[in-house]
Amino acid sequence: MTRLDLRGVAIFKGWLDPGRQADVVAAVRGVVAAAPLFSPDTPYGRPMTVRMTSAGAFGWISDRTGYRYALQHPSGVRWPPIPDAILRIWDEVTGLARRPECCLINWYGEGARMGLHQDRDEADFTWPVVSVSLGDDGLFRIGSTTRGGRTESIWLTSGDVVAMGGDARLIYHGVDRIRFGSSRLLPRGGRINLTLRVVT
DNA sequence: TAGTTGCG
DNA sequence: TTGC
């Protein structure tokens, strides 16, 4: 495991060994079985290219009216609980007693990407955001806490964990592209990103 | 291809 | 503009 720092964002390369990656993917599949992936609309422009669902007391959703946390999946069911294998990652990386209330699951298929954005729908920005990469490589881009200006990129690979806290909590970030088929963790290819957040 | 700008 |  190697810890890198990019503009205050902590990047833990190789945090999860292959066995734990497989365990987390199995847990994600359980969540998806109960709360199926959907393709969210955005308030402006086009639908998102990732498919998503959530686990936890709150799920993050987007539609034509905006971005928000919701108590239910679009189908009306409550989100499944966050699996222990995922909570354990939060515990290890943050060392905090408080646990996340949302695990957003973003599923990147071929050509999927995520524009530069801030995570700012939460009530308290003193809690960090932790994200976990599984499957295909993704080119992660980091800007600053304001829009515009220079950015820096780093390839995230399966098992990497990223923590955005402190001054970097509201930093702009996104995923420009993935290397579809670069990992064999997911038999049909693709990238899964888990984002863990305290919401309230 | 990488990176920044600005549209509606 | 979590898109283009």
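Throughout, protein chains are lettered first and strands after them, A, B, ... in sequence-line order, and every chain is numbered starting at 1.
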Does the ring of Y67(A) meet both stacking tests against the six-membered base ring of dT1(C): centre distance under 5.5 Å and plane angle under 30°? no

When W155(A) and G149(A) are each assigned the nearest nucleotide of DNA chain B, the 5'-most assignment goes to W155(A)

dT4(B) P sits how many Å from Y172(A) OH, rounded? 14 Å

Among dC4(C), dT4(B), dT2(C), which is the nearest nucleotide to the side chain of T49(A)? dC4(C)

Working to the nearest 0.5 angstrom, can you tell me the gap between Y69(A) OH and T200(A) OG1? 10.5 Å

Nucleotide of dT1(B), dT4(B), dT2(C) approaching D119(A) most closely (side-chain heavy atoms): dT2(C)

Rounded off to whole Å, could you give me the CZ-to-C1' distance for the R113(A) and dT1(C) pair? 14 Å

Would you indicate, yes or no, if dT1(B) has its OP1 or OP2 atom less than 4.0 angstrom from a side-chain nitrogen or oxygen of R177(A)? no

Geometric cation-pi criterion, R197(A) with W90(A): 6.0 Å, 45°: no

Expressed in angstrom and rounded to an integer, what is the separation of R46(A) atom CZ from dT2(C) atom C1'? 15 Å

Report yes if the distance between the aromatic ring centroids of W79(A) and F58(A) is under 6.0 Å, otherwise no. no

Applying the 4.5 Å side-chain criterion to the ILVMFWY set and letting contacts propagate, would M164(A) and F125(A) be lumped into a single cluster? no

Which nucleotide, dA2(B), dT2(C), dT4(B), lies nearest any side-chain atom of T151(A)? dT4(B)

